[in-house]
Amino acid sequence: MLDLRLIRENPRLVEDRLSVRGMELNLSDLQELTILINKKDTELSNLQSESKKISKLIGNYYHNQKDSSTIEIEELKKNGDNLKSKISKLEQIKRDLNKKITDQILRLPNFPSEKAPKGKDESQNIEIRKWGNVLKRENLKSHWKLGEELNLFDTKRTAGISKSRFITLIGNGARLERALINFMLDTHQNNGYLELMPPALVNSESLRGSGQLPKFSNESFKCDEDDLWLSPTAEVPLTAFHRGEIIDPKLLPLKYVAYSPCFRREAGSYGKDTKGLIRLHQFNKVEIYWYSHPENSEEAHQKITSDAENILQKLNLPYRVVDICSGDLGFSSSRTFDLEVWLPSSNSYREISSCSNCLDFQARRSLIRTKQDKKSIFLHTLNGSGLAIGRTMAAILENGQQEDGSVKIPDVLIPYFGSSFIKTN
RNA sequence: GGAGAGGUGGCUGAGUGGUUGAAAGCGGCUCCCUGCUAAGGAGUUACAGGAGGUAACUUUUGUCGAGGGUUCGAAUCCCUCUCUCUCCGCCA
């Protein structure tokens, strides 16, 4: 959420800073509403103040019991009654205004960082570094082909269980998924992260807090009898974990790692990535998350990104880091580094992690603060996948494929997986 | 799902209509005292919005789970919702 005061006092600046996302905004109406509510608020305060005084006077009469001159009391009561009706009218006006304002302000995305590259879309993202040697060879198989040959997962039957874009992992496939989750959790834990295992269902308030609502309600699955949604990412419960709190600055940064299943409707992506593990309605993910003091969040962003990279390096998967341009940034993010893993079958890099600095955007929505010089200030939140499990499996299958059709398991995973190759039997 | 009890400040816990943003205790912070780790004393200690001031700050309003209502006046009474706890039922 953006600062309401900024919209009231300098809406042109807000329009300008959001324009690099490719949005053409006119905030004049919103600004007017904020000025109006401000005025009404002052009016209301004055009336309330008067009404309070009258109540105290009456209170005094009762208290002193001095042959309560009923005429005076009646007079005062009349005044009070008069004020009350004015007050309740104003309160109603304020409520309406407030609703209009929050409806609008919650739909405004975060300011892109000045450091993020300016650009319209994906094509203008900037590659900032590469790691590893990409596998290039004739007759490379896709991971879904390998998965079929090695009997690692099923989609056909699963469509009958649920629908398309769901998957059942089988045998070594299931085992590899588990191995990856445990390996990632252990690695992050050893690196100073505290593990949380959050619920998969979250309420609307939590989704609003991290920015998925109100704008993207059609991207999550909803249980409409309960005000609960299937969480699209652990970022949601991790943000909500400290909602409404004022966190002791001595405790910062708080670093969490969480495994969670993630559920996404993937509306509007019909026909894209219909095969394999890349785009599913349900997938597993290990998420890393920081609550940082505002002064340190830029540094924290570098750190969280390298913590995610660390996983790819340990798994020996080639990847590159991409600085997301202003037009391609997610709603809540001010700057994002995507990690893209090499997928040889498509001869390209695919997103496997997205590491974002949301600054105070989510903290403001979720009311998460810390103290500085006796004042409460919003802290900064950062999130990154560390990593998406399904896509990691796809990368391991494709990059580890051998001439004989088997797949080599990365060394660090062998203790978790239990053997060094996946072979047909 | 049925029955009951309850949600008060960082925590514990008073407060059932009148100057109560809220006693007391604990914890936290500041200062003082004491030559030892210990102990004692004084003060201070919620959040948000508005107005005024460069500022330290001053002032005003709101907030006792949330939202409505009754009343001149609500933490206290009424209604709705929500969460927690206990018992029963069901259940991994």
Side-chain angles (χ1 to χ4, degrees), chain A residues 1-9 30-103 105-106 197-209 223-229 237 240-252 254 261 291 360 363-379:
Chain A
M1 190 165 74
L2 301 177
D3 189 357
L4 192 59
R5 192 186 209 117
L6 194 59
I7 290 170
R8 191 174 69 218
E9 290 171 0
L30 182 56
Q31 184 197 18
E32 258 175 58
L33 289 177
T34 61
I35 292 170
L36 187 60
I37 200 170
N38 215 341
K39 227 173 86 187
K40 295 291 174 193
D41 197 51
T42 310
E43 261 178 71
L44 182 62
S45 285
N46 291 336
L47 289 177
Q48 281 166 330
S49 172
E50 253 182 85
S51 150
K52 230 174 158 174
K53 279 177 198 150
I54 290 177
S55 304
K56 284 187 181 172
L57 274 177
I58 297 175
N60 273 333
Y61 275 115
Y62 279 108
H63 227 63
N64 300 331
Q65 294 281 332
K66 283 176 188 157
D67 71 293
S68 17
S69 34
T70 34
I71 301 168
E72 293 189 39
I73 291 184
E74 287 309 312
E75 193 60 32
L76 283 171
K77 281 191 181 179
K78 218 183 239 173
N79 279 341
D81 205 27
N82 207 352
L83 280 172
K84 194 183 69 171
S85 69
K86 284 188 192 163
I87 286 172
S88 68
K89 262 183 212 154
L90 264 178
E91 281 174 340
Q92 185 58 46
I93 291 172
K94 241 192 90 180
R95 268 200 295 274
D96 293 347
L97 280 172
N98 199 35
K99 187 168 184 311
K100 278 187 195 163
I101 290 168
T102 46
D103 278 355
I105 200 171
L106 285 175
M197 199 172 279
L201 267 63
V202 296
N203 62 30
S204 300
E205 196 51 46
S206 298
L207 283 167
R208 209 169 293 127
C223 316
D224 52 16
E225 294 194 9
D226 290 298
D227 185 35
L228 286 171
W229 305 67
F241 193 62
H242 287 294
R243 188 166 68 226
E245 294 184 16
I246 296 176
I247 295 170
D248 186 341
K250 280 180 273 185
L251 300 175
L252 297 177
L254 290 172
Y291 291 83
D360 65 359
R364 212 179 266 284
R365 291 175 160 244
S366 303
L367 264 179
I368 309 168
R369 289 163 293 182
T370 187
K371 287 280 185 185
Q372 186 174 45
D373 305 326
K374 294 189 175 176
K375 282 186 181 164
S376 320
I377 54 167
F378 291 107
L379 48 69

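Please read these numbers as outputs of a predicted model, since none were measured by experiment.
Between the CD1 atom of A:I87 and the C1' atom of B:G62 there is a distance of 12 Å, rounded to whole Å. Across the protein-nucleic acid pair, A:K84 atom NZ and B:U61 atom P stand 19 Å apart, rounded to whole Å. Nucleotide B:G67 holds its C1' atom 13 Å from the CG atom of A:N98, rounded to whole Å. Here B:G65 presents its C1' atom at 13 Å from CZ of A:R243, a figure rounded to the nearest Å. One interatomic measurement links the two molecules: NZ of A:K77 to P of B:U71, which rounds to 11 Å at whole-angstrom precision. In this structure, A:L83 atom CG and B:U71 atom C1' are separated by 14 Å, rounded to whole Å. Residue A:Q48 contributes atom CD, which lies 14 Å from atom P of B:G21 at whole-angstrom precision. Residue A:E245 contributes atom CD, which lies 10 Å from atom P of B:C11 at whole-angstrom precision.
Residue A:K78 is classed as having no contact, given no heavy-atom separation below 4.0 Å to the nucleic acid. Within the 4.0 angstrom heavy-atom criterion, only backbone atoms of the sugar-phosphate kind lie near A:I246; the bases stay farther away. Nucleic acid contact for A:N38: sugar-phosphate only, since backbone atoms but no base atoms lie under 4.0 Å from a heavy atom of the residue.
Side-chain contact check for A:Y291 versus A:L251: every heavy-atom pair is 4.5 Å or farther apart. You'll find the side chain of A:L379 stays beyond 4.5 Å of the side chain of A:R369, heavy atoms only. By the 4.5 Å heavy-atom criterion applied to side chains, A:I93 and A:L97 are counted as neighbours.
Taking atom C1' on both nucleotides, B:G67 is separated from B:C72 by 24 Å, rounded to a whole Å. Going from the C1' atom of B:U86 to that of B:C31 covers 48 Å, rounded to whole Å. Distance noted for atom P between B:G41 and B:C33: 16 Å (whole Å). As rounded to the nearest Å, B:C11 and B:G65 have P atoms that lie 13 Å from one another. Across B:A75 and B:U34, the matching P atoms stand 47 Å from one another, rounded to whole Å. Here the separation of B:U76 from B:C64, taken at their P atoms, is 8 Å to the nearest Å. Rounded to a whole angstrom, the distance from the C1' atom of B:U12 to that of B:A66 is 24 Å. To the nearest whole angstrom, the two P atoms, one in B:U16 and one in B:C77, are 9 Å apart.
Between A:K99 and A:D103, at least one side-chain nitrogen of the basic residue sits less than 4.0 Å from a carboxylate oxygen of the acidic one, meeting the salt-bridge criterion. Under 4.0 Å is where a charged nitrogen must lie from a carboxylate oxygen, and between A:R364 and A:D3 at least one such pair does. At a threshold of 4.0 Å, the pair A:K78-A:E75 does not count as salt-bridged, since none of the basic side-chain nitrogens sits closer than that to a carboxylate oxygen.
Phosphate proximity of B:G62 to A:K52: present, with a side-chain N or O under 4.0 Å from OP1 or OP2. Taking only side-chain nitrogens and oxygens, A:R5 comes nearer than 4.0 Å to OP1 or OP2 of B:G50. In this structure, A:S376 reaches the B:A48 phosphate: one of its side-chain N or O atoms is under 4.0 Å from OP1 or OP2. Using a 4.0 Å cut-off, no side-chain N or O of A:R95 falls inside it from OP1 or OP2 of B:G67. Here A:S51 does not reach the OP1 or OP2 of B:C72: none of its side-chain N or O atoms lies under 4.0 Å away.
Using N1 to N3 plus N6-O4 or O6-N4 for Watson-Crick, or N1-O2 and O6-N3 for G-U wobble, each under 3.5 Å, B:A24 pairs with B:U12. Of the nucleotides present, B:G43 is the one that pairs with B:C29 by Watson-Crick or G-U wobble criteria, both distances under 3.5 Å. Of the nucleotides present, B:A5 is the one that pairs with B:U84 by Watson-Crick or G-U wobble criteria, both distances under 3.5 Å. With a 3.5 Å ceiling on both atom-pair distances, the Watson-Crick or G-U wobble partner of B:C77 is B:G69. For B:A48, the paired nucleotide is B:U61, the pair qualifying as Watson-Crick or G-U wobble because both relevant distances are below 3.5 Å. Within the shown strands, nothing qualifies as a pairing partner of B:C90 under the Watson-Crick or G-U definition with both distances less than 3.5 Å.
Position along RNA chain B of the nearest nucleotide to A:Q92 versus A:I377 favours A:I377 as the more 5'-ward residue. Projected onto RNA chain B by closest heavy-atom contact, A:S88 and A:N46 fall at different nucleotides, the more 5' of which corresponds to A:N46.
Across all non-hydrogen atoms, the minimal contact from A:R8 to A:Q31 is O-NE2, 3.0 Å. Closest of all the heavy-atom pairs between A:S204 and A:W229 is OG-NE1, 3.1 Å.
Closest to the side chain of A:R369, out of B:A48, B:U19, B:G18, is B:A48. Considering only side-chain atoms of A:S45, the nucleotide from B:G49, B:C47, B:G18 that sits closest is B:G49.
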